[in-house]
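First the structure, in the form of structure tokens, and then the observations on it.
In what follows, every heavy atom counts, from backbone to side chain, and hydrogens, waters and symmetry copies are set aside. Each chain gets a letter, A, B and so on, in the order its sequence line appears, and its residues count up from 1.
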2 protein chains.
Amino acid sequence: MKTQKYHHGNLEAALLEAGVREARISGSKNLGVNALAKEVSVSPMAVYRHFSSGEGLKASISQQAREELARRMIEAISHETSVKERFEATGRTYIQFALNEPGLFSVAFVACEAPPKREDSPSAWMVFQDSVLDLCNEGLIQAAEVRQVTDFAWAAVHGYANLAGGSDPMRPKAEPEIIEGLLERIWFGIVKESVEIKK
Amino acid sequence: MKTQKYHHGNLEAALLEAGVREARISGSKNLGVNALAKEVSVSPMAVYRHFSSGEGLKASISQQAREELARRMIEAISHETSVKERFEATGRTYIQFALNEPGLFSVAFVACEAPPKREDSPSAWMVFQDSVLDLCNEGLIQAAEVRQVTDFAWAAVHGYANLAGGSDPMRPKAEPEIIEGLLERIWFGIVKESVEIKK
DNA sequence: CCATTTATGTTTATAGCATACACACTATTC
DNA sequence: GAATAGTGTGTATGCTATAAACATAAATGG
């Protein structure tokens, strides 16, 4: 029985796991090299065998958080059928992630410098854009509008998530009907031209 | 001619000035106690006579940045006449502040813990809400909608400003017509009910 | 006008952080 | 089995924030 070969065998995964656990609890506060090294019972310098710097470690944890969000969004749209419902589910999930996992959310978006773009990993933005492309396929918006619509809706959802999940006394209330109202307003901002034609 | 009575006489203002200057150049990177103390040619410990901690200093610089934004918004609406134009001018100014002063903007919103709420100081949120109240006074929206509309528009503008001013490769393009498109979509999200009635 | 008090700044010391360098041990591979 | 690559430890350095003691300038009050 080997107690621990080379400690865990792969520190990298252990550090990321510990980092995500800490982020969930207290955001980016305890994601330093020393703190995480101690968390997995290893000397601080061991971290540098797997990450080029403390910033690099934080960036990878941030990436983990972003992938977690993307996974939840993918999960959420899998339960919806209509393109509008699927679109709204992405936004709703994004906002709920910010509210239910404020630590992870802040690490995912505010506390990182340069995310280490990996093409194969799930990306919330891609999921979101796909749902906009579906709107286009259904003829609800025009192909030329896709980018504009994505930017607009993403901005509104991201902004709301940031504000509602923050600590500002003037932050929007995070009640379900408020969120649904927001999604409805976003919807009107998206289909505005069809509304204009109808009137 | 007194060279420097007690150094500058009031360090607090000098530190805030230096902090805002640094924030403009490089965001929250060089806002540490030591760096700013050196910037104004004073020993690090002198800072603590005016701010309870390094975080407190950063929070005050952040407040300065927010006031600067509020001032620009107030300036901008003073040139507009119609309520719609005034409303849109607040959003446009907010976004342009994020694009033209990325360092100040990030310090204003992402890099602070607990802003030291001062009621008398100009607040971007108040300016924004006032412009929404004007929409209400003109009958463009209903009184019961004010909060919802403020939250929605603020979220969209804040989110767009954050994203466009950030470094994400998927960030929205910051071209004038894109921004105007965004403001137009926000407008449709705001007046949605009147549009519905019309059709 | 001098003396006491208050405001402001300096020096020194401590503790925590990231991280470079040298060493040690383990696993792999030839 | 020995060379080598991969992983982890220990120690040292320089940075940061900030506490404690001290120093001096300004204000105040007899």
Checklist outcome for this item: Looking only at heavy atoms, the pair that brings A:A89 and A:E80 closest together is CB-CG, 3.9 Å
Item to check | Closest non-hydrogen atom pair, A:T93 against A:A76 | outcome: OG1-CB, 3.1 Å
What is the distance, rounded to the nearest whole Å, between atom [atom1] of [X] and atom [atom2] of [N]?
X: A:E12; N: D:dG8; atom1: CD; atom2: P; answer: 11 Å
X: B:M45; N: D:dA20; atom1: CE; atom2: C1'; answer: 8 Å
X: B:L36; N: D:dC15; atom1: CG; atom2: P; answer: 17 Å
X: B:L57; N: D:dT18; atom1: CG; atom2: P; answer: 10 Å
X: B:N10; N: D:dA26; atom1: CG; atom2: P; answer: 14 Å
X: A:K38; N: D:dT9; atom1: NZ; atom2: C1'; answer: 16 Å

Among [options], which nucleotide has an atom closest to any side-chain atom of [X]?
X: A:R49; options: C:dA22, D:dA19, C:dA18; result: C:dA22
X: A:V33; options: C:dT10, C:dC23, C:dA18; result: C:dA18
X: A:L11; options: C:dT10, D:dG10, D:dG8; result: D:dG8
X: A:V42; options: C:dA18, D:dT9, C:dT11; result: D:dT9
X: A:Y48; options: D:dT18, C:dT19, C:dT10; result: C:dT19
X: B:N34; options: D:dT16, C:dC17, D:dT11; result: D:dT16

Item to check | Geometric class of the B:F105/B:F109 ring pair [parallel <30°, tilted 30-60°, perpendicular >60°] | outcome: tilted
Checklist entry - Would you say the side-chain atoms of A:Q63 and A:E67 include a donor-acceptor pair closer than 3.5 Å? => result yes
Item to check | Under-4.0 Å side-chain N/O to phosphate OP1/OP2 contact, B:H50 with C:dA7 | outcome: no
